[in-house]
Amino acid sequence: KWRTYLLSIPFWLVAFGYLGLRATILNFDSDFTMYKFENEYANDVGLRIYTFLSTIPDYLTLLVWPHDLHIDRDYPVATTLFAWKPLVGLGIITLPVVAFVRALRRKDSRVPWLPWIALWTLAAYGPSSGILIPVNSLFLEHWMYLPSISLFIALGLLIDRSRAKAVASRMTVAFAFIAAIGFAYLTFQQNWVWQSPISLFSHILKYNPAAGRVRHNLAMALDESGRVDEALEQYQFIIEHGGHYPQTYHNLGQIHLRAGRLDEAEKNELRAIELAPRFHPPYVGLSKIYEARGDAKRAREYYEKAVELVK
């Protein structure tokens, strides 16, 4: 009954209220895009639709058998509808839409909960689909957390219906037991990945070696654990492969400062400021460098500049 769907009005009001704020008070860049440069994916809604459809079979594969889990995936943009992943994705979303329409037209629907399942899944994944608003990542596992709730509820309802037949019920129990063993094994494996920041970031880099942010985090974790030489190698790798981030140069400067290599420390801190003049940590670093050299005047100047930027 349509009256049932009226209960969702508060949620729609919250959603549209956020969109209104995002378009006005929270719109700091005068647009909705998350890209600050020309990008085919951001400029072409067709590519965004093809890529959205392409992600659906991959997400379902991970839900069925969650293997090779890692963040910062380098997911390709789909350039055509006529590839197997977009076509499979189109078929997958067409089925619940057709069932939804039929359920609304037939009061004796065998699965009256299917419209709710379809609405929940599409509404929960819609903001991350990138169709209306280009998103800055194409495939992230945690985007499936909320949409998957409805899918698992649907699975539970189907299992509950199978109890009416003894044979189907026994098969369901056997399948659930085997699946639980498999998922337990995968969970045990994943615990080794998440046991420390170093193991986590190293695991991600096996799949996406070009992930500069992840490599930067790995370098920081190595430095914090006392593995300074390895941290230096990671920072140098980032710079040699075009990753010119102010944080990288600042952290390099701090390592050289602790080792007493003041000239190297100064060079890296100045490079960090060159890349991001309003990034305050390099000014603090330079203040410490000049203090170590006995230049109190310049040390104070850079410290005051850092304080000014923080205000």
Side-chain angles (χ1 to χ4, degrees), residues 34-39 41 68-77 136-142 189-190 192-295 298-299 301-303 305-307 309-310:
M34 294 186 180
Y35 293 92
K36 307 305 178 189
F37 51 88
E38 288 296 317
N39 181 286
Y41 173 83
D68 295 337
L69 301 178
H70 59 280
I71 57 178
D72 272 283
R73 291 176 179 265
D74 187 16
Y75 198 85
V77 174
N136 58 354
S137 293
L138 306 183
F139 190 96
L140 294 176
E141 295 159 8
H142 65 266
Q189 281 193 318
Q190 199 66 11
W192 286 104
V193 172
W194 286 85
Q195 66 177 326
S196 71
I198 293 176
S199 61
L200 173 61
F201 299 133
S202 298
H203 174 77
I204 297 169
L205 290 172
K206 291 179 182 178
Y207 297 92
N208 187 7
R213 179 170 64 93
V214 176
R215 193 172 294 278
H216 181 89
N217 290 339
L218 173 60
M220 290 179 61
L222 289 168
D223 187 20
E224 291 172 0
S225 64
R227 297 160 63 175
V228 179
D229 290 341
E230 294 177 67
L232 280 171
E233 290 177 5
Q234 295 299 330
Y235 285 132
Q236 292 297 340
F237 183 94
I238 295 171
I239 294 172
E240 290 170 5
H241 289 77
H244 298 291
Y245 310 110
Q247 297 88 345
T248 300
Y249 285 98
H250 168 64
N251 290 352
L252 267 175
Q254 291 300 292
I255 291 177
H256 289 305
L257 174 60
R258 294 198 306 268
R261 297 186 289 269
L262 300 184
D263 291 342
E264 285 295 315
E266 180 184 25
K267 182 177 70 173
N268 282 282
E269 297 289 14
L270 289 173
R271 176 59 175 154
I273 292 174
E274 181 183 343
L275 291 170
R278 299 196 61 79
F279 181 51
H280 78 273
Y283 294 94
V284 177
L286 285 170
S287 176
K288 293 178 180 179
I289 292 169
Y290 293 124
E291 182 180 12
R293 287 176 172 170
D295 191 341
R298 296 189 71 182
E301 288 177 357
Y302 278 102
Y303 182 78
K305 179 62 177 179
V307 172
L309 291 172
V310 172

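Sorted by first and then second residue, the ring-ring contact (aromatic ring centres under 6.0 Å, His included) pairs involving residues 242-279 (not counting sequence neighbours) form an empty list. Residue pairs meeting the ring-ring contact (aromatic ring centres under 6.0 Å, His included) criterion with at least one member in residues 212-241, sequence neighbours excluded: His216-Tyr235, Phe237-His241.
Distance check, rounded to the nearest 0.5 Å: CZ of Arg258 to NZ of Lys288 gives 10.0 Å. Between atom CG of residue Asn208 and atom CG of residue Asp74 there is a gap of 5.0 Å, rounded to the nearest 0.5 Å. Within the model, atoms CD of Glu233 and CZ of Arg215 stand 10.5 Å from one another, a figure rounded to the nearest 0.5 Å. Note that the CD atom of Gln189 and the NE2 atom of His203 stand 9.5 Å from one another [nearest 0.5 Å]. Here Gln234 contributes atom CD and Ile239 contributes atom CD1; the two are 12.0 Å apart, rounded to the nearest 0.5 Å. To the nearest 0.5 Å, atoms CG (Leu275) and CD (Gln247) are separated by 9.5 Å.
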Item checked: Working for side-chain hydrogen bond (donor to acceptor under 3.5 Å, both in side chains), residues Glu301 and Tyr290 -> CA-CA 10 Å; Glu301 288 177 357; Tyr290 293 124; over 6 Å; no
Checklist line | Residue pair His280, Lys305: steps toward the side chain to side chain contact (heavy atoms under 4.5 Å, CB included) verdict | finding: CA-CA 8 Å; His280 78 273; Lys305 179 62 177 179; over 6 Å; no
Next item on the list: Please report the C-alpha distance between Ile204 and Ile71 in whole Å, then the side-chain angles of each, then the deciding distance to 0.1 Å, and finally whether the side chain to side chain contact (heavy atoms under 4.5 Å, CB included) criterion is met.
Entry: CA-CA 7 Å; Ile204 297 169; Ile71 57 178; 3.1 Å; yes
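Scanning all heavy atoms of the two residues, the minimum distance from Ala219 to Ala231 falls at O-CB, 3.3 Å. Taking both residues in full, the closest heavy atoms of Ala299 and Glu291 are given as CB-N, 3.7 Å, listed atom of the first, atom of the second, then distance. Here the closest non-hydrogen pair linking Gly285 and Leu257 is O-CD2, 4.4 Å. Closest approach of Leu205 and Ala211 over heavy atoms only: CD2-O, 3.8 Å. The two residues Leu218 and Ser202 make their nearest non-hydrogen contact at CD1-OG, 3.7 Å. The minimum heavy-atom distance linking Pro277 with Glu274 is given by the pair CD-O, 4.3 Å.
Counting heavy atoms from C-beta outward, Ile255 and Asp223 have side chains that approach closer than 4.5 Å. For the pair Glu269/Gln254, a side-chain contact is recorded, criterion being any heavy-atom separation below 4.5 Å from C-beta on. For the pair Leu138/Tyr41, a side-chain contact is recorded, criterion being any heavy-atom separation below 4.5 Å from C-beta on. Two residues are said to be in side-chain contact when any heavy atoms from C-beta on lie closer than 4.5 Å; Pro282 and Ile273 meet this criterion. Under the 4.5 Å side-chain criterion, counting only non-hydrogen atoms from C-beta, Leu69 is in contact with Gln190.
Residues forming a side-chain hydrogen bond (donor to acceptor under 3.5 Å, both in side chains) with Asn217 (at least two apart in sequence, or on another chain): none. Every residue two or more places apart in sequence or in another chain that forms a side-chain contact (heavy atoms from CB on, under 4.5 Å) with Val307 is listed here: Tyr303, Lys311. When the side-chain contact (heavy atoms from CB on, under 4.5 Å) test is applied to Pro197, the partners found at least two apart in sequence or on another chain are Phe201, Ala221. Every residue meeting the side-chain contact (heavy atoms from CB on, under 4.5 Å) condition with Glu230, not counting sequence neighbours, appears here in chain and number order: Leu222, Arg227.
Between the side chain of Asn268 and the backbone N or O of Leu252 there is no donor-acceptor pair closer than 3.5 Å. Counting only distance, with no hydrogens or angles, the side chain of Ser137 and the backbone of Leu140 share no donor-acceptor pair below 3.5 Å. Without hydrogens or angle criteria, Ser287 side chain to Tyr302 main chain gives no donor-acceptor distance under 3.5 Å. Between the Glu141 side chain and the His70 main chain, a donor and an acceptor come within less than 3.5 Å of each other.
Taking a cutoff of 4.0 Å between a charged side-chain nitrogen and a carboxylate oxygen, Lys206 and Asp68 do not qualify as a salt bridge.
Dense packing is recorded around CZ of Arg271, with more than 12 heavy atoms of other residues, nucleotides or ligands lying under 6.0 Å away.
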